[in-house]
S.K.: 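First the structure, then my questions, so here it is.
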Amino acid sequence: MSESAETVKMMLPEEELDRRIRELGKEISEEFAGESVYLIGVLRGAAFFTCELAKRITIPVTIDFMSTSSYGSGTESSGEVVVKHDVEIPVEGRNIIICEDIIDSGNTLHFLLKLFRDRKAKTVKLCAMLDKPDRREVDVKVDYTGFTIPDEFVVGYGLDYDQKYRNLPYIGVVEF
């Protein structure tokens, strides 16, 4: 197996991610005080973030994951989103928080927000570890944002490049 031609430069250290996730957990706990929330992580990238966020929420939490796919050529999304693995617990009447690792085009999240509203969730909120507004193709309201970042290719903390680097405890920029 040949060595990778890319390198990874740190953008957001683990301590900064941890601090911000604690703040998001506190904000969600306060907003939904006396209620419960249903966190739905979008696989695979949001698995790390969803679990870390759940640990910092002080009200009752249910966690589930779903997998979606945007068909298109390689790195370009066609905008058509297909659910490959759906949640197992009904969402009707629940406070839903969709957890995403990174929002760029907004196509998948636009689809998911509508899907859960159509399924009669009590509330549907969006929580993203990273937001890249420069890449937005459709308007989506991000209710809880970890960090707004420039349009760079990032990895770590669940984000990958060719299935590598998900396990990095920080967010890094891939340099080719």
Side-chain angles (χ1 to χ4, degrees), residues 17 20-149 151 154 157-160 163 166 171:
L17 292 167
R20 185 64 187 127
I21 293 169
R22 283 183 194 284
E23 292 169 357
L24 291 170
K26 183 175 191 271
E27 190 178 334
I28 289 167
S29 299
E30 289 171 356
E31 182 172 340
F32 290 97
E35 299 185 62
S36 63
V37 292
Y38 184 5
L39 299 184
I40 300 174
V42 182
L43 293 173
R44 294 182 188 141
F48 288 60
F49 175 58
T50 304
C51 292
E52 290 300 317
L53 179 63
K55 291 185 333 190
R56 289 153 177 90
I57 294 174
T58 57
I59 58 173
V61 175
T62 303
I63 302 175
D64 205 344
F65 292 92
M66 68 185 310
S67 177
T68 61
S69 178
S70 297
Y71 287 90
S73 58
T75 59
E76 293 300 312
S77 170
S78 67
E80 180 187 349
V81 180
V82 175
V83 175
K84 292 170 62 178
H85 172 77
D86 208 342
V87 294
E88 295 182 8
I89 301 169
V91 302
E92 186 172 346
R94 294 176 176 262
N95 295 311
I96 303 300
I97 299 177
I98 303 168
C99 297
E100 185 62 287
D101 53 357
I102 189 166
I103 301 177
D104 44 40
S105 72
N107 289 319
T108 300
L109 281 305
H110 179 74
F111 171 85
L112 291 176
L113 288 165
K114 182 182 181 323
L115 176 74
F116 292 124
R117 286 182 184 123
D118 289 350
R119 291 180 179 179
K120 299 178 176 41
K122 181 179 177 182
T123 60
V124 183
K125 302 271 185 165
L126 178 54
C127 183
M129 181 173 66
L130 303 173
D131 187 8
K132 270 193 204 178
D134 293 345
R135 302 259 309 163
R136 203 72 89 243
E137 293 175 7
V138 294
D139 189 35
V140 290
K141 179 181 183 263
V142 184
D143 301 284
Y144 312 101
T145 302
F147 300 90
T148 300
I149 63 168
D151 186 13
V154 291
Y157 216 83
L159 293 154
D160 75 296
Q163 297 302 323
R166 283 191 199 278
I171 300 295

S.K.: Testing the basics here: between C127 and L53, what is the closest heavy-atom pair and its distance to 0.1 Å?
M.R.: SG-CD2, 3.8 Å

S.K.: Just wondering, do P133 and T148 contact through their side chains at under 4.5 Å, heavy atoms?
M.R.: yes

S.K.: Which pairs count as salt bridge (Lys or Arg N to Asp or Glu O under 4.0 Å) when at least one residue sits in residues 120-133, sequence neighbours excluded?
M.R.: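 Checked against salt bridge (Lys or Arg N to Asp or Glu O under 4.0 Å) - neighbours excluded - the pairs reaching residues 120-133 are E31-K125, E35-K122, D131-R136, K132-D151.
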
S.K.: Can you give me the closest heavy-atom contact between M129 and Y157, atom names plus distance?
M.R.: SD-CD2, 3.3 Å

S.K.: With a 4.5 Å cut-off on side-chain heavy atoms, are L112 and M66 touching?
M.R.: yes

S.K.: Tell me, please, which residues at least two apart from D64 pass salt bridge (Lys or Arg N to Asp or Glu O under 4.0 Å).
M.R.: none

S.K.: What pair of heavy atoms forms the shortest contact from S29 to I59, and how long is it?
M.R.: O-CG2, 3.8 Å

S.K.: Could you work out, with salt bridge (Lys or Arg N to Asp or Glu O under 4.0 Å) as the rule, every residue matching R94, not counting sequence neighbours?
M.R.: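 Result, salt bridge (Lys or Arg N to Asp or Glu O under 4.0 Å) vs R94: none returned.
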
S.K.: Using 0.5 Å steps for rounding, measure from the CG atom of L24 to the SG atom of C99.
M.R.: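 Going from the CG atom of L24 to the SG atom of C99 covers 9.5 Å.
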
S.K.: Is a donor on one side and an acceptor on the other found under 3.5 Å between the side chain of T68 and the backbone of V81?
M.R.: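 Judged by distance alone, no pair lies under 3.5 Å.
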
S.K.: Partners of D118 by salt bridge (Lys or Arg N to Asp or Glu O under 4.0 Å), sequence neighbours excluded?
M.R.: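 Salt bridge (Lys or Arg N to Asp or Glu O under 4.0 Å) list for D118, sorted by chain: K114.
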
S.K.: How long is the straight-line distance from CZ of R20 back to CG of L130, given to the nearest 0.5 Å?
M.R.: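 Taking CG in L130 and CZ in R20, the distance rounds to 11.5 Å.
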
S.K.: Say whether, by atom type as modelled, one donor and one acceptor occur between the side chain of Y144 and the main chain of E27 under 3.5 angstrom.
M.R.: no

S.K.: Kindly write out the residues that satisfy salt bridge (Lys or Arg N to Asp or Glu O under 4.0 Å) with D134, not counting sequence neighbours, or none if the list is empty.
M.R.: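 Salt bridge (Lys or Arg N to Asp or Glu O under 4.0 Å) list for D134, sorted by chain: empty.
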
S.K.: Nearest 0.5 Å, please: how far is CD1 in I102 from CZ in R135?
M.R.: 9.0 Å

S.K.: Please test V42 against D101 for side-chain contact (heavy atoms from CB on, under 4.5 Å), starting from the C-alpha separation and ending with a verdict.
M.R.: CA-CA 8 Å; V42 182; D101 53 357; over 6 Å; no

S.K.: Report the C-alpha distance between I171 and F147 in whole Å, list the side-chain angles of each, state the deciding distance to 0.1 Å, and finish with yes or no for side-chain contact (heavy atoms from CB on, under 4.5 Å).
M.R.: CA-CA 11 Å; I171 300 295; F147 300 90; over 6 Å; no

S.K.: Grab the two heavy atoms, one from V142 and one from A128, that are nearest each other, plus how far apart they are.
M.R.: CG1-CB, 4.1 Å

S.K.: Could you list the donor-acceptor pairs under 3.5 angstrom formed between side-chain atoms of residues 43-51 and any protein atom two or more places apart in sequence or on another chain?
M.R.:
from: R44; atom 1: NH1; to: Q163; atom 2: OE1; distance (Å): 3.1
from: T50; atom 1: OG1; to: A46; atom 2: O; distance (Å): 2.7

S.K.: Apply the test side-chain contact (heavy atoms from CB on, under 4.5 Å) to residues F32 and I57: give CA-CA distance (whole Å), side-chain angles for both, the deciding distance (0.1 Å), then the verdict.
M.R.: CA-CA 10 Å; F32 290 97; I57 294 174; over 6 Å; no

S.K.: Could you grab the distance from atom CD1 of I40 to atom CG of L126, nearest 0.5 Å is fine?
M.R.: 11.5 Å

S.K.: In terms of side-chain geometry, is the basic nitrogen of K55 or E52 positioned less than 4.0 Å from the acidic oxygen of its partner?
M.R.: yes

